[in-house]
Amino acid sequence: QVQLVESGGGLVQAGGSLRLSCAASGRTLSSYCVGWFRQAPGKEREFVAAISWGGSDFYYADSVEGRFTISRDNAKNTVYLQMNSLEAEDTAVYYCNADPSMIEVTTGNGSWGRGTQVTVSS
């Protein structure tokens, strides 16, 4: 089973940028599809973005498309989420999810990390 650790969250002003990392251990991430989800207090978990194991297929939620970019570096066993033009509505705990199947990732059925907090002040 792959173990995932998210990092890179923090406090940022609206309009600023953050880069989140999802690092894998236990197994190589090269054969896994990886997705990012977020959950704000009192809100349902929301899909944010996903990337295929080969890095050629991408999926974005409408709320972040054009502002967020997902990428991966298999040599570093890490997937990134570059977040630009951040808004207060982006405040949430961000989690990554990984599975060999993209279907399992986009439905949140893969392996979860423990999350990293992103707070955007207006």
Side-chain angles (χ1 to χ4, degrees):
Q1 183 179 13
V2 62
Q3 304 293 320
L4 305 175
V5 178
E6 301 92 338
S7 62
L11 176 64
V12 64
Q13 291 184 336
S17 299
L18 286 173
R19 190 184 194 187
L20 306 184
S21 298
C22 176
S25 62
R27 296 183 179 180
T28 179
L29 202 59
S30 61
S31 297
Y32 285 78
C33 301
V34 178
W36 284 96
F37 294 76
R38 65 187 182 186
Q39 188 165 25
K43 302 290 185 180
E44 297 288 337
R45 185 183 65 198
E46 177 187 16
F47 171 78
V48 176
I51 187 169
S52 64
W53 69 266
S56 59
D57 295 319
F58 308 91
Y59 301 91
Y60 293 99
D62 291 343
S63 59
V64 306
E65 189 168 10
R67 299 188 298 120
F68 292 9
T69 302
I70 189 169
S71 63
R72 66 190 303 159
D73 187 340
N74 287 338
K76 297 180 179 179
N77 220 25
T78 301
V79 170
Y80 304 98
L81 184 68
Q82 178 67 47
M83 306 187 296
N84 298 327
S85 301
L86 284 164
E87 305 167 352
E89 291 74 19
D90 296 317
T91 296
V93 177
Y94 284 70
Y95 302 88
C96 59
N97 185 273
D99 193 271
S101 170
M102 178 63 78
I103 294 175
E104 299 302 320
V105 168
T106 57
T107 57
N109 291 323
S111 299
W112 290 101
R114 295 180 179 179
T116 185
Q117 176 70 51
V118 172
T119 303
V120 183
S121 61
S122 59

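In what follows, residues are counted from 1 in the order of the sequence shown.
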Less than 4.5 Å apart, any side-chain heavy atom of [X] and any of [Y]?
| X | Y | answer |
| --- | --- | --- |
| Trp53 | Pro100 | no |
| Phe68 | Leu86 | yes |
| Val48 | Leu81 | yes |
| Leu11 | Gln117 | no |

Donor-acceptor pair, side chain of Arg67 and main chain of Ser85, under 3.5 angstrom = yes
Please answer whether the main-chain N or O of Val120 pairs with a side-chain N or O of Thr91 as donor and acceptor at a distance below 3.5 Å.
-> yes
Answer with yes or no whether the side chains of Ser101 and Asp99 bring together a donor and an acceptor at under 3.5 Å.
-> no
Tyr95/Phe37 aromatic ring centres below 6.0 Å = no
Disulfide (SG to SG under 2.5 Å) partners for Cys33, two or more places apart = none
In this structure, which one of Glu6, Met83, Gln82 forms a side chain to side chain contact (heavy atoms under 4.5 Å, CB included) with Leu20?
-> Met83
What residues, two or more places apart in sequence or in another chain, satisfy salt bridge (charged side-chain N to carboxylate O under 4.0 Å, His left out) together with Glu89?
-> none
What do you reckon, is CZ of Arg45 surrounded by more than 12 foreign heavy atoms closer than 6.0 Å?
-> yes
Pairs in or reaching into residues 7-26: which pass side-chain hydrogen bond (donor to acceptor under 3.5 Å, both in side chains), with residues at least two apart or in two chains?
-> Ser17-Asn84
Spell out, yes or no, whether Met102 and Ile70 are grouped together once hydrophobic residues are joined by side-chain heavy atoms under 4.5 Å, including indirect joins.
-> no
